[in-house]
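Numbering starts at 1 and runs along the sequence shown. Just so it is clear, the model here is predicted, and its values are computed rather than measured. First listed ligand is number 1; within each ligand, the first listed atom is number 1.
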Amino acid sequence: MSATVNALLREDLRDFGGYKSARSEALSGSIWLNANESAWANPGDADGRLRRYPQPQPEVLCARLAALYGVAPAQLLVGRGSDEGIDLLLRAFCMPGRGAIVIAPPVFGMYAVCARLHGARIIDVPLRDGEAGLRANLPAMGDAALDGNASLLFLCSPGNPSGELLELDAIAQLAQRLRGRCLIIVDEAYLEYADAASAISLLADHDNIAVLRTLSKAHALAAARVGCVLGNPQLIAALRRVQAPYPLPQPVVDAALAALTPRALVLTRSRMEAVHEARARLLDGLRALPGVRRVYPSAGNFLLARFTDADAAFAALLAAGVVVRDMRAMAQLGDALRITVGSMEECRRVLAALEVARTEAAA
Ligand SMILES: *Cc1c(COP(=O)(O)O)cnc(C)c1O
């Protein structure tokens, strides 16, 4: 049994079974008349794949994802992107209007958005900007979780937008300290780019860790909306009761399976090397530009850069048709842009646009 799930699951949801869909009952037969589906396929649905409700947790896809991440299927919940995972965790573990979460801004915005919509308090423990880059202060986050009675603590590794890769030892220590008190979510949306071990390896020893993975980034399937929560089976079972009945449309399941064949996985892995090369090239190029104050090291497929005139840099890139992420509204990032590492050619275009802006300013 998971002590943490027992301690932290919302008290008012302990005996809540969730919606029992026709598809969730383990029945067998040859004539299916239990879900009020049509007896005929839609004329636009040529092979009749869409006539029936899909499986709530598509078995074949779950098995494939479990193998990919090295867990048992019972340790995995698949949903509409990791964004849905974040929302489900909030719903299951934070009392509306009373719960609290700990985050380390500047960080991916969805943790705060879901908390806000759910009426959960957000406890900020800002990243510290030092020699090594923008770094999360895990001991301080732990203090804040205990002081504020937070039930969820979000880590992002590699960090978006910091690029920081967290040490698994540090995550394990924090988990040990917060055991039974707070659930640590490790968002690994960019882990494939990092060439580092996953926090999934910590699940066996820490029942208060959950990991988020997605097919949106390295697997190039953002439009399909497929993401996973990985954790102990009690945690996953609790989230399933909170999730909507049929989170994944059948065409999405088919697309995800096609994206996870052995051949597709080999190609995806080889693309990571291309990103590493382009990232190094973009990093060097940006650092050589005089208008660039600082570029942070990054384990993801993006670089965070500070500019002496971020306004001008953003405008110059736009004028060249290059759209990057404006970070200037974020705490600590008033002079920063986040640039996705695209193809080598796209990186060249970024550098060329900034180079032109510099020569024009000098003229
Ligand atoms: C892009 C991103 C996600 C979103 O993932 P989806 O699976 O597309 O919902 C989650 N976390 C971080 C840190 C991201 O940058």
Could you establish whether C156 and ligand 1 come within less than 4.0 Å of each other, counting only heavy atoms on the residue side? yes
For F154, check ring-ring contact (aromatic ring centres under 6.0 Å, His included) against everything at least two apart and list the hits. Y111
For ligand 1, which atoms, with element, lie under 4.0 Å from some heavy atom of G81? 6 (P), 7 (O), 9 (O)
Closest non-hydrogen protein atom to atom 1 (C) of ligand 1, residue and atom name please, with distance? K217 NZ, 1.4 Å
Could you check whether the rings of F302 and Y190 sit parallel, tilted or perpendicular, using 30° and 60° as the cut-offs? perpendicular
Protein contact of atom 12 (C) of ligand 1 - nearest heavy atom, named by residue and atom, plus distance: D187 OD2, 3.4 Å
closest protein heavy atom to atom 4 (C) of ligand 1 is D83 OD1, 3.6 Å
Atoms of ligand 1, numbered as shown, that sit under 4.0 Å from any heavy atom of S216: 6 (P), 7 (O), 8 (O)
Could you work out, for atom 15 (O) of ligand 1, the closest of Y190, F302, F154 by heavy-atom distance? Y190
Show which atoms of ligand 1 fall inside a sub-4.0 Å distance from at least one heavy-atom site of T214. 5 (O), 6 (P), 7 (O), 8 (O)
So which heavy atom in the protein is nearest atom 5 (O) of ligand 1, and how far is it from that ligand atom? S82 OG, 2.9 Å
Can a side-chain donor-acceptor contact be found between D254 and Q250 if the only test is distance below 3.5 angstrom? yes
Give the table of side-chain donor-acceptor pairs shorter than 3.5 Å for residues 117-125, with sequence neighbours excluded, one pair per line with atom names and distance.
| from | atom 1 | to | atom 2 | distance (Å) |
| --- | --- | --- | --- | --- |
| H118 | NE2 | L90 | O | 3.4 |
| H118 | NE2 | C94 | O | 2.8 |
| R121 | NH2 | G148 | O | 3.0 |

Do D311 and R328 sit within salt-bridge range, that is, some charged N less than 4.0 Å from a carboxylate O? yes
For R225, atoms of ligand 1 separated by under 4.0 Å from a heavy atom: 6 (P), 8 (O), 9 (O)
State whether E346 and R349 are salt-bridged, where the test is any N-O pair (Lys NZ or Arg NE/NH1/NH2 against Asp/Glu carboxylate O) under 4.0 Å. no
Shortest non-hydrogen separation from P106 to M330 and the atoms involved: CB-SD, 4.0 Å
Does R177 come within less than 4.0 Å of D143, counting only side-chain N to carboxylate O? yes
Counting heavy atoms only, which part of N160 comes closer than 4.0 Å to ligand 1: side chain, backbone, both or neither? side chain
